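Computed from a predicted structure; not experimentally measured.
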Amino acid sequence: MKRLLTSLLALMLIIGLGGCGDDTPKESPVKISLQQAYNSAWNYYYPKVLVISKVDKIKVTDVIVNKGNCKPLFADETSKTLKYGEQMEVRFKNNCKVMKVEVVTNQGNWVVG
């Protein structure tokens, strides 16, 4: 009897939790990469984050580097709506050593690093 109750309880728990979870896709809808760019006018290198869409339409609302400790050169670069294959780039100050990049989108947040 005890075994039957335990089995029923486990089954109810599995069924009850089956609908739980987030709607975030398992695979990232964006490709995130990091490059070192060169500013020939001022003779220095700076980090640049590239975000490329892998879906038909996605809205990137923010690109956060090192938990917000690295600031972008231009604040208006951090949000854009992209179609499949389109890319955006966000440039950061040259003293930023990129360890972690988080891309915030309308289809979930995606982290590299």
Problem set entry | Residues Lys54, Glu27: salt bridge by 4.0 Å N-O rule |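 Salt bridge: yes.
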
Problem set entry | Residue Lys48 excluded, over 12 heavy atoms near NZ under 6.0 Å |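 More than 12 within 6.0 Å, yes.
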
For this session: Using the disulfide bond (SG atoms under 2.5 Å apart) rule, collect all pairs that involve residues 40-91, keeping only residues at least two apart or in two chains.
Result: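 Applying disulfide bond (SG atoms under 2.5 Å apart) to every pair that reaches into residues 40-91, excluding sequence neighbours, yields Cys70-Cys96.
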
Exercise. Once you round to the nearest 0.5 Å, how far does OG of Ser53 lie from CE of Met88?
Worked result: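 Spacing of OG (Ser53) from CE (Met88) equals 11.5 Å.
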
Exercise. Distance-only, no hydrogens or angles: does the Asn106 side chain make a donor-acceptor pair with backbone N or O of Lys59 under 3.5 Å?
Worked result: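 Side chain of Asn106 to backbone of Lys59, a donor-acceptor pair under 3.5 Å: yes, one is there.
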
Exercise. Distance-only, no hydrogens or angles: does the Gln107 side chain make a donor-acceptor pair with backbone N or O of Ile58 under 3.5 Å?
Worked result: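 Judged by distance alone, no pair lies under 3.5 Å.
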
Exercise. Can Tyr46 and Asn95 be counted as having a side-chain donor-acceptor contact under 3.5 angstrom?
Worked result: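 Their side chains do not contain a donor-acceptor pair, so the 3.5 Å distance test is not met.
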
Exercise. What pairs with Gln35 under side-chain hydrogen bond (donor to acceptor under 3.5 Å, both in side chains), at least two apart in sequence or on another chain?
Worked result: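 Counting only residues at least two positions away or on another chain, Gln35 forms no side-chain hydrogen bond (donor to acceptor under 3.5 Å, both in side chains).
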
Looking at every heavy atom in both [X] and [Y], which two are closest together, and how far apart are they?
{"X": "Val60", "Y": "Val103", "answer": "CG1-CG1, 3.9 Å"}
{"X": "Val49", "Y": "Phe92", "answer": "CG2-CE1, 3.7 Å"}
{"X": "Lys93", "Y": "Leu73", "answer": "CG-CD2, 3.7 Å"}

Exercise. For Tyr84, which residues count as a ring-ring contact (aromatic ring centres under 6.0 Å, His included) partner, sequence neighbours excluded?
Worked result: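 Scan of Tyr84 (ring-ring contact (aromatic ring centres under 6.0 Å, His included), adjacent residues dropped) gives none.
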
